[in-house]
Amino acid sequence: MKQRIFSGVQPSGNLHIGNYLGAIRQWGELQDQYEAIFSVADLHAITAPQDPETLRQKTLEIAKIYLAAGIDPEKCTLFVQSHVKEHTELAWILGTLVRMAELERMTQYKDKSQKGGASESGAGLFTYPVLMAADILLYDTAVVPVGKDQMQHIELTRTLAKRFNDRFGETFVIPEGKLSKEGQVIMGLDDPSKKMSKSAASEYNYISLTDDADTIRKKIKKAVTDSGSEIVYSDDKPALKNLINIYTLLSGKTAQEVEEMYQGKGYGDFKEGLSEVVVGFLTPFQEKLAGISDEAVEEILRKGVEKARALASAKMTQVRERVGFLPAE
Ligand code: AMP
Ligand code: TRP
């Protein structure tokens with residue numbers, strides 16, 4: 001039997017090439033080896049304020065992006081998180097097992113709550129990793145392919161699964177996180193010390209998967225660079241290193257090959273070359289995306305949710321019994 005993988009992305013902000021290279025690209029590569037379930041994490045998205053109509057549109061858009069990235073609905077299950085009520089139910093139960101100190105340690109919570117002040121931020125932002133643990137554990141997930149920044153949440157998921165199993169008997173599979181081959185975090189174009197982020201203040205931080213060619217060229221042109229003019233891949237040139245990473249990940253060339261191509265040339269030439277690589281990848285991607293209708297993706301999500309509900313509901317019957325809830329009938 002194939003092992004199961006589960007992953008998801010929140011339908012908030014604009015999905016960027018960091019999301020693609022850090023997470024979604026490898027999902028397509030894993031779908032043959034594993035039994036795959038992919039979710040659009042709309043319950044997670046509302047931990048930051050969302051406009052309802054935009055949220056609906058983004059939810060469909062993310063599902064389309066999965067498909068354009070090569071996720072095959074014949075091989076995988078695709079669904080919207082809020083369509084399966086068991087996620088919130090299991091999150092409540094796991095929320096009684098998690099310790100405050102464990103949640104206070106989460107880097108993402110510290111970062112996000114810092115922006116508006118921890119005492120003002122919603123409790124959902126704090127319990128966010130518990131919902132994520134519920135997503136993963138409901139489906140007996142063995143492997144969770146995510147970017148590096150989510151690994152801490154996977155660790156907590158493992159802790160909660162073990163704690164539940166110790167207390168109530170073997171119920172959950174202990175999942176493992178899986179980084180993409182390169183395991184790289186793509187940094188912001190305007191600030192290479194922080195990861196490229198869809199909630200960044202400036203749109204010059206990221207290249208969105210839906211940016212057109214002119215926008216991409218403009219953003220790459222404006223990307224910050226390091227001192228010096230040579231095209232070299234090194235830790236003391238973090239801005240350039242990040243741009244070369246993007247170049248290599250999208251072109252299949254090695255960093256050394258890129259250095260050689262631009263020997264004796266400057267940032268201008270390199271940035272033009274990089275723009276062509278990014279545009280060359282995103283143009284066909286966007287054509288695919290535009291070819292997927294709302295109706296087609298809605299139909300795929302309807303089929304997906306049936307499968308997800310069946311699995312989640314069986315698991316929750318077991319969990320309720322283990323915890324000691326009286327059966328309704
Ligand atoms: P998020 O944007 O936080 O919803 O993340 C969705 C997925 O993309 C997660 O698996 C992240 O680890 C991954 N991801 C987000 N930002 C980056 C980045 N800058 N570089 C690499 N992976 C990323
Ligand atoms: N929290 C993840 C992120 O921001 C998205 C997510 C929600 C997720 N539920 C998940 C990822 C379950 C993996 C497994 O990227």
Side-chain angles (χ1 to χ4, degrees), residues 4-27 30 36-48 50 58-59 61-62 65-66 69 77 79-82 84 87-88 90-91 94 106-109 111-112 124-125 127-158 160-161 173 175-200 205-209 241-243 245-246 249-250 308 312:
R4 186 167 291 145
I5 60 173
F6 182 99
S7 197
V9 170
Q10 304 179 60
S12 55
N14 289 311
L15 239 62
H16 51 67
I17 54 171
N19 296 126
Y20 175 77
L21 294 171
I24 300 172
R25 178 160 83 172
Q26 63 159 338
W27 299 358
L30 295 170
I37 307 181
F38 300 116
S39 165
V40 183
D42 56 349
L43 294 169
H44 277 108
I46 62 165
T47 54
Q50 304 295 335
K58 285 276 166 196
T59 301
E61 186 185 290
I62 301 279
I65 285 175
Y66 290 177
T77 304
F79 76 101
V80 176
Q81 185 188 27
S82 67
V84 181
H87 290 248
T88 45
L90 182 58
L94 296 176
M106 295 292 117
T107 310
Q108 180 176 304
Y109 166 71
D111 285 352
K112 290 196 178 175
L125 201 58
T127 56
Y128 178 115
V130 179
L131 178 61
M132 183 162 159
D135 297 345
I136 296 167
L137 298 179
L138 263 183
Y139 299 99
D140 288 333
T141 305
V143 178
V144 191
V146 281
K148 228 182 201 153
D149 60 320
Q150 293 298 316
M151 278 308 203
Q152 201 185 22
H153 293 160
I154 312 289
E155 259 327 296
L156 182 65
T157 303
R158 291 166 59 84
L160 292 179
V173 171
E176 267 177 53
K178 183 175 169 55
L179 292 177
S180 63
K181 279 192 279 305
E182 299 82 7
Q184 260 143 6
V185 177
I186 305 298
M187 310 311 275
L189 298 182
D190 59 349
D191 178 3
S193 70
K194 296 206 185 82
K195 68 168 187 163
M196 185 177 280
S197 164
K198 44 191 182 189
S199 52
N205 170 272
Y206 53 81
I207 296 172
S208 155
L209 291 174
K241 185 177 173 191
N242 185 45
L243 296 178
N245 278 339
I246 297 172
L249 290 169
L250 288 177

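Positions are given from 1, in the same order as the sequence printed here. Read the numbers this way: they start at 1 and go in the same order the structure lists the ligands and their atoms.
- In this model, no donor atom of one side chain and acceptor atom of the other lie less than 3.5 Å apart for Gln108 and Asp149.
- Counting only heavy atoms from C-beta outward, the side chains of Tyr206 and Asp190 never approach each other to under 4.5 Å.
- Separating the NZ atom in Lys241 from the CD1 atom in Ile246 is a distance of 13.0 Å, to the nearest 0.5 Å.
- Near Tyr128, the atoms of ligand 2 lying under 4.0 angstrom from a non-hydrogen atom of the residue are 1 (N), 2 (C), 3 (C), 4 (O).
- Put simply, the side chain of His44 reaches to within 4.5 Å of the side chain of Tyr128, judged on heavy atoms.
- Looking at atom 19 (N) of ligand 1, its nearest protein heavy atom turns out to be Ile186 O, 2.7 Å.
- Of all protein heavy atoms, the one lying nearest to atom 6 (C) of ligand 2 is Gly8 O, 3.7 Å.
- Distances below 4.0 Å separate heavy atoms of Val144 from the following atoms of ligand 2: 13 (C), 14 (C).
- No donor-acceptor pair under 3.5 Å is formed between the side chain of Arg25 and the backbone N or O of Ala69.
- If you number the atoms of ligand 1 from 1 as listed, the ones under 4.0 Å from a heavy atom of Val146 come out as 10 (O).
- Separation of atoms CE (Met196) and CD1 (Ile207) is listed at 5.5 Å; rounding is to 0.5 Å.
- Shown here for Val173 and Leu137, the closest heavy-atom pair between the two residues is O-CD2, 3.7 Å.
- By the 3.5 Å distance cut-off applied to N or O atoms, Val185 is not counted among the residues near ligand 1.
- Among all non-hydrogen protein atoms, the one lying nearest atom 12 (C) of ligand 2 is Phe6 CE2, 3.5 Å.
- Within ligand 1, counting atoms from 1 as listed, the ones closer than 4.0 Å to a heavy atom of Ala23 are 7 (C), 8 (O), 10 (O).
- Close approach to His44 involves these atoms of ligand 2, each under 4.0 Å from a residue heavy atom: 7 (C), 9 (N).
- Here the shortest heavy-atom distance to atom 15 (O) of ligand 2, taken over Gln108, Gln150, Gln10, belongs to Gln150.
- With values rounded to the nearest 0.5 angstrom, Thr127 atom OG1 is found 13.5 Å from Met132 atom CE.
- Protein heavy atom nearest atom 10 (O) of ligand 1, with residue, atom name and distance: Gly147 N, 3.0 Å.
- A heavy-atom distance below 4.5 Å is found between the side chains of Leu250 and Leu21.
- Where the criterion is an N or O separation shorter than 3.5 Å, residue side chain and backbone included, Met187 fails it with respect to ligand 1.
- Of the listed residues (Asn205, Asp149, Asn242), the one carrying the non-hydrogen atom nearest atom 12 (O) of ligand 1 is Asp149.
- Rounded to the nearest 0.5 angstrom, Thr59 OG1 and Gln81 CD are separated by 10.0 Å.
- Phe6 pairs with exactly one of Asp135, Asp140, Val144 by the side chain to side chain contact (heavy atoms under 4.5 Å, CB included) rule, that one being Asp135.
- Considering both main-chain and side-chain atoms, His153 never comes within under 3.5 Å of ligand 2 through any nitrogen or oxygen pair.
- Contact atoms of ligand 2 toward Ala41: 7 (C) (distance under 4.0 Å to a heavy atom of the residue).
- Taking CD1 of Ile62 as the start and OG of Ser39 as the end, the distance is 11.0 Å to the nearest 0.5 Å.
- Numbered from 1 in the order shown, with element, the atoms of ligand 2 that lie under 4.0 Å from a heavy atom of Val146 read 11 (C), 13 (C).
- Just one of Gln152, Glu155, Met106 meets the side chain to side chain contact (heavy atoms under 4.5 Å, CB included) condition when paired with Pro129; it is Met106.
- When each atom of ligand 2 is checked for a heavy atom of Ile136 under 4.0 Å away, the hits are 12 (C), 14 (C).
- For Gln81, no nitrogen or oxygen atom sits less than 3.5 Å from a nitrogen or oxygen atom of ligand 2, counting backbone and side chain alike.
- Taking 4.5 Å as the limit, some side-chain heavy atom of Gln10 sits within range of a side-chain heavy atom of Lys198.
- Distances shorter than 4.0 angstrom occur between a heavy atom of His16 and an atom of ligand 1.
- Taking a cut-off of under 4.0 Å to the non-hydrogen atoms of Lys195, the atoms of ligand 1 that pass are 19 (N).
- Among all protein heavy atoms, the one lying closest to atom 15 (C) of ligand 1 is Asn19 ND2, 3.1 Å.
- Atoms of ligand 1 found under 4.0 Å from any heavy atom of Gly22 (numbered from 1 in listed order, with element): 21 (C), 22 (N).
- Shown in contact with Gln150 at under 4.0 Å from a heavy atom are these atoms of ligand 1, numbered in order with element: 9 (C), 12 (O).
- Nearest protein neighbour of atom 22 (N) of ligand 1, counting heavy atoms only, is Gly18 O, 3.1 Å.
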- [ ] Determine, step by step, whether Tyr109 and His153 satisfy the ring pair (Phe, Tyr, Trp, His ring centres under 6.0 Å) criterion, reporting the C-alpha distance in whole Å, the side-chain angles of both residues, the deciding distance to 0.1 Å, and the verdict.
- [x] CA-CA 10 Å; Tyr109 166 71; His153 293 160; over 10 Å; no
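- Atoms CG and CE, on Leu179 and Met151 in that order, are 3.5 Å from each other to the nearest 0.5 Å.
- Atom 9 (N) of ligand 2 has its closest protein heavy atom at Asp135 OD2, 2.6 Å.
- Listed by number with element, the atoms of ligand 2 under 4.0 angstrom from any heavy atom of Ser7 are 11 (C), 13 (C), 14 (C).
- Geometrically, ligand 1 and Met196 share a nitrogen or oxygen pair separated by less than 3.5 Å.
- Protein heavy atom closest to atom 4 (O) of ligand 1, with residue, atom name and distance, is Lys198 NZ, 3.1 Å.
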